[in-house]
Amino acid sequence: MKKLDMIYEGKAKKVYRTEDTDLFIIEYKDDATAGNGAKKGTIVGKGVINNKMTTTIFKMLEEQGVATHLVKRLSDTEQLVKAVTIFPLEVIIRNTAAGSITKRLGIQEGTKFETPIFEFCYKNDEYGDPLINDDHVVAMKLATREEIATIREMTLRINELLIEFFKERGIQLVDFKVEFGKTAAGEIILADEISPDTCRFWDIQTGAKLDKDRFRQDLGNIEEAYQEMLKRVDQ
Ligand code: TMP
């Protein structure tokens with residue numbers, strides 16, 4: 001499968017059309033940003049790691065009945081995926097308080113929630129990806145109520161599977177962000193990636209942060225943290 005024109009370039013990935021209109025090729029980059037692009041940098045090897053890790057995790061989710069866009073990993077940094085139209089929504093699950101919720105609501109970092117918190121953010125750089133609710137999503141025609149219900153159900157299932165998967169590997173899944181897309185046939189499937197860029201991972205033994213917070217908060221040993229996560233996932 002050959003890459004044709006690039007149809008999208010995000011902060012961490014590029015998306016290319018292929019000769020087959022139902023398939024895209026995704027290329028993972030080493031570029032990293034934080035704070036809606038305020039902080040920019042490179043995490044050496046990140047593209048290769050996130051491509052491998054996402055492939056392993058999406059395969060696991062598929063085996064457990066979650067429909068994803070993954071067809072196969074093509075190379076170190078490339079994946080063949082089903083073509084979808086992405087809902088302009090960041091779908092976030094929080095199992096433990098960290099990041100923006102600690103600042104916005106004053107909840108202490110590390111506070112465990114009895115049930116997962118489900119959030120939507122509107123994917124829009126101009127407005128800083130604001131937090132929105134179901135009514136905003138429907139009013140802005142970003143998704144229908146029915147589609148929201150499907151996305152919520154799939155995300156909660158993904159959370160259950162990921163919590164267990166990472167627990168077996170000594171990792172606490174603090175929170176994560178996923179994105180969904182719709183195929184030409186109208187099926188809603190998991191898209192984008194699941195990696196240290198899009199999740200918070202804490203070592204259960206030591207509490208060490210093994211994710212992009214090392215970059216966001218200048219904690220050092222960023223590449224090592226990403227490598228450690230890949231080692232745990234591909235054990
Ligand atoms: P937050 O605490 O900054 O709102 O982030 C919640 C989770 O979502 C965290 O695991 C990081 C992830 N995330 C992204 O993947 N992309 C984003 O643009 C943002 C804001 C968060």
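Everything numeric here is computed off the predicted structure, so don't read it as measured data. The figures here come from the full heavy-atom set of this structure, side chains too, leaving out hydrogens, waters and symmetry mates.
Of the possible donor and acceptor atoms, none in the side chain of K59 sits under 3.5 Å from a partner among the backbone N and O of L70. In this structure, the side chain of K212 engages the main chain of T33 through a donor-acceptor pair within 3.5 Å. Under a 3.5 Å cut-off, the side chain of E62 and the backbone N or O of T68 do form a donor-acceptor pair. Not a single donor-acceptor pair under 3.5 Å links the side chain of T102 to the backbone N or O of E109. T183 places no side-chain N or O within 3.5 Å of a backbone atom of V84 that could act as its donor or acceptor partner. A donor-acceptor distance shorter than 3.5 angstrom exists from the side chain of N95 to the backbone of L173, with no hydrogens or angles considered. Side-chain N or O atoms of D30 include one that pairs as donor or acceptor with a backbone N or O of G47 at under 3.5 Å. Checked by atom type and distance alone, the side chain of N51 pairs as donor or acceptor with a backbone atom of S75 at under 3.5 Å. Proximity of a side-chain donor or acceptor of R169 to a complementary backbone N or O of R232 within less than 3.5 Å is detected.
Smallest separation of non-hydrogen atoms from L190 and E179: CD1-O, 3.6 Å. Residues G220 and R214 approach most closely at O-NE, 2.7 Å, considering heavy atoms. Among all heavy-atom pairs drawn from C199 and D211, the shortest one is O-CB, 3.3 Å.
For the side-chain contact (heavy atoms from CB on, under 4.5 Å) with V178, the lone residue among I92, T155, L162, N159 that qualifies is T155.
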**Asked** Is there a side chain to side chain donor-acceptor pair (under 3.5 Å) between Q172 and T96 once you walk through the steps?
**Response** CA-CA 9 Å; Q172 180 185 347; T96 300; 3.1 Å; yes
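D31 and K14 are not joined by a salt bridge, as no carboxylate oxygen comes within less than 4.0 angstrom of a charged side-chain nitrogen.
Counting non-hydrogen atoms of neighbouring residues, nucleotides and ligands closer than 6.0 angstrom, the CD atom of Q205 reaches no more than 12 such neighbours. Annotation: F113, atom CZ; neighbour count of heavy atoms from other residues, nucleotides and ligands within 6.0 Å is above 12.
Proximity of I194 to F58: side-chain heavy atoms (C-beta onward) are separated by under 4.5 Å at one or more points.
By the salt bridge (charged side-chain N to carboxylate O under 4.0 Å, His left out) test, E63 is found to be paired with no residue, residues two or more places apart in sequence or in another chain being considered.
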